[in-house]
Amino acid sequence: MDVLLFNVTTAALMVLMFNGGLALVGQGTLGRRRIPWAAVGLTGLALAGVALQLCWPGAMGALDADPSKSGWWRVVTSVFMQNGGFGGAAWNIATLAAVAAFADWFWGAPLTLGLFAAGILLPEQIDKLWGQTSHSTDPRNFAGSSGATYFLGATLAAALLLRGGADENSGRAAVPGAGQGPGDEGAGRGKAVRKNRLFAAGVPVLGLAMWFAQENGHGLVSGYGFALGALAWAAFRTVLHPDRDLRQPPRTTVASLTGLVGRRTRSAG
């Protein structure tokens, strides 16, 4: 029962982050956006890590984060190893791809990669500041991309809380009831902003509750990511352009690439 509750709350936290990413970039704009190359690269590294594990039986022993083994590289390489079986690996890679794509479209590729790296390197250092110097001896914690993914997802939640969503500043995404008058339109947008901020605030609240109730590390790193996301928004908000793809449509979009793949698939069949 405890394992089931752990998995359910961990998945619920990711759902909040996923919805936050959609709210930040606008669900109706996804097809018009550029290919998120930072997300493609991170997902490719995760897939390459799984392929390495399948081809090299000693990969986990050489690259995981087992505290009983030495190696400065382990804190990084362990992120691209997966030890949750087929289902766990599929979940980790799928959530990494989605969260990194939202982050790439909102934060931009350089900042996304920097925040993901922070999700790898910072939690251990912050733990030391709080006196949490003991290393987990649970082998399930020796590898996996989920910690860095949840950290990155929480940065989006912080930005959503402070920004309010794709509509608040740009006003470019579709608003329900577009045929209504200006007053009704403004009321609808205000309601959406309040809903977005409520869900965004739920990320650190649920995350910290998971940590205190279950010692679920996903919740703790989400709290760290939320704090860094707020700082990143304060520092870089004037140079972020999440609506650039909508004002200057890229040559290759998600929709055009999906259509090309679909045509090739039908031709091959």
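Just so it is clear, the model here is predicted, and its values are computed rather than measured.
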Tracing side-chain links under 4.5 Å among I, L, V, M, F, W and Y, which residues wind up in one group with Leu161?
Phe226
Lys69 (side chain) donor-acceptor with Ala62 (main chain) under 3.5 angstrom
no
Considering all heavy atoms of both residues, which atom of Leu156 and which atom of Gly21 are nearest to each other, and what is their separation?
CD1-CA, 4.4 Å
Any pair counted as salt bridge (charged side-chain N to carboxylate O under 4.0 Å, His left out), so long as it reaches residues 79-95, sequence neighbours left out
none
Using the test side-chain contact (heavy atoms from CB on, under 4.5 Å), find all partners of Ala109 that sit at least two apart in sequence or belong to another chain.
Ala38, Asp104
What pair of heavy atoms forms the shortest contact from Ala201 to Pro204, and how long is it?
O-CD, 3.1 Å
Taking side chain as C-beta onward, heavy atoms only, is Pro67 less than 4.5 Å from Phe142?
yes
Do Arg32 and Leu246 come close enough that some side-chain heavy atom pair is under 4.5 Å?
yes
If I take atom OG from residue Ser78 and atom CG from residue Asn83, how far apart are they, to the nearest 0.5 angstrom?
9.5 Å
How many angstroms lie between CG in Leu122 and CG in Leu129, if you round to the nearest 0.5 Å?
10.0 Å
Counting only heavy atoms not in Lys195, do more than 12 sit closer than 6.0 Å to its NZ atom?
no
Between Val99 and Tyr150, is any pair of side-chain heavy atoms under 4.5 Å apart?
no
Please lay out, stage by stage, how Leu13 and Ser222 fare under the test side chain to side chain contact (heavy atoms under 4.5 Å, CB included).
CA-CA 9 Å; Leu13 183 58; Ser222 295; 3.4 Å; yes
Would you mind reporting whether Leu24 and Trp105 have side-chain heavy atoms less than 4.5 Å apart?
no
Verify the cluster assignment for Val75 and Tyr224: are they in a single hydrophobic cluster under the rule of side-chain heavy atoms below 4.5 Å apart?
yes
When you look at Phe236 and Leu111, which way does the side chain to side chain contact (heavy atoms under 4.5 Å, CB included) test go after all the steps?
CA-CA 9 Å; Phe236 299 105; Leu111 190 52; 3.9 Å; yes
Search all heavy atoms of Gly165 against all heavy atoms of Asn196 and return the closest pair with its distance.
CA-ND2, 3.8 Å
Counting C-beta onward and ignoring hydrogens, is there a side-chain heavy-atom pair between Asn92 and Thr149 closer than 4.5 Å?
no
So which atom in Ala101 and which in Ala39 form the shortest heavy-atom distance, rounded to 0.1 Å?
N-CB, 3.3 Å
Does Trp211 share a hydrophobic cluster with Met14, counting links as ILVMFWY side-chain heavy atoms below 4.5 Å and allowing steps through other members?
yes
Kindly give the heavy-atom pair with the smallest separation between Asp64 and Ala143, and that separation in Å.
CB-CB, 4.5 Å
Do Leu160 and Val205 belong to the same hydrophobic cluster, where Ile, Leu, Val, Met, Phe, Trp and Tyr are linked whenever their side-chain heavy atoms lie under 4.5 Å apart, directly or via other members?
no
With a 4.5 Å cut-off on side-chain heavy-atom distances among I, L, V, M, F, W and Y, is there a chain of contacts connecting Val239 to Trp107?
yes
Rounded to the nearest 0.5 Å, how far does CD1 of Ile35 lie from CZ of Arg251?
13.5 Å
Does the pair Leu22 and Leu30 meet the rule for a side chain to side chain contact (heavy atoms under 4.5 Å, CB included), with working shown?
CA-CA 9 Å; Leu22 280 177; Leu30 300 186; 3.8 Å; yes
As an exercise, state the distance from CG of Leu115 to CG of Leu231, rounded to the nearest 0.5 Å.
10.5 Å
Between Phe116 and Leu96, is a side chain to side chain contact (heavy atoms under 4.5 Å, CB included) present by the stated rule, with each step listed?
CA-CA 10 Å; Phe116 189 80; Leu96 170 59; 3.6 Å; yes
What closest approach, in Å, do Pro123 and Ala118 show between heavy atoms, and which atom pair accounts for it?
CD-O, 3.4 Å
Same apolar cluster (I L V M F W Y, side chains within < 4.5 Å links), Ile126/Ile120:
yes
Is Asp66 salt-bridged to Arg74, going by a charged N under 4.0 Å from an acidic O?
no
For Trp72, which fellow cluster members are found when Ile, Leu, Val, Met, Phe, Trp and Tyr are connected by side-chain heavy-atom distances below 4.5 angstrom, either directly or through intermediates?
Leu52, Trp56, Met60, Leu63, Trp73, Met81
Would you call the rings of Phe18 and Phe102 parallel, tilted or perpendicular, where under 30° means parallel and over 60° means perpendicular?
perpendicular
So do the side chains of Thr43 and Ile93 get within less than 4.5 Å of each other, counting heavy atoms only?
yes
Once you round to the nearest 0.5 Å, how far does CZ of Arg33 lie from CZ of Phe106?
10.0 Å
Heavy atoms, side chains only, cut-off 4.5 Å: are Arg34 and Thr253 in contact?
no
Is the shortest heavy-atom distance from the side chain of Trp233 to the side chain of Leu240 under 4.5 Å?
yes
Listed by chain and number, what are the side-chain contact (heavy atoms from CB on, under 4.5 Å) partners of Arg194, not counting sequence neighbours?
Lys191
Between Ser145 (side chain only) and Phe80 (backbone N and O only), is there a donor and an acceptor less than 3.5 Å apart?
no
Phe151 CZ to Leu220 CG distance, which is reported to the nearest 0.5 Å
10.5 Å
Output all residues satisfying side-chain contact (heavy atoms from CB on, under 4.5 Å) with Asn216, sequence neighbours left out; order by chain, then residue number.
Phe6, Thr9, Thr10, Met210, Gln214, His218
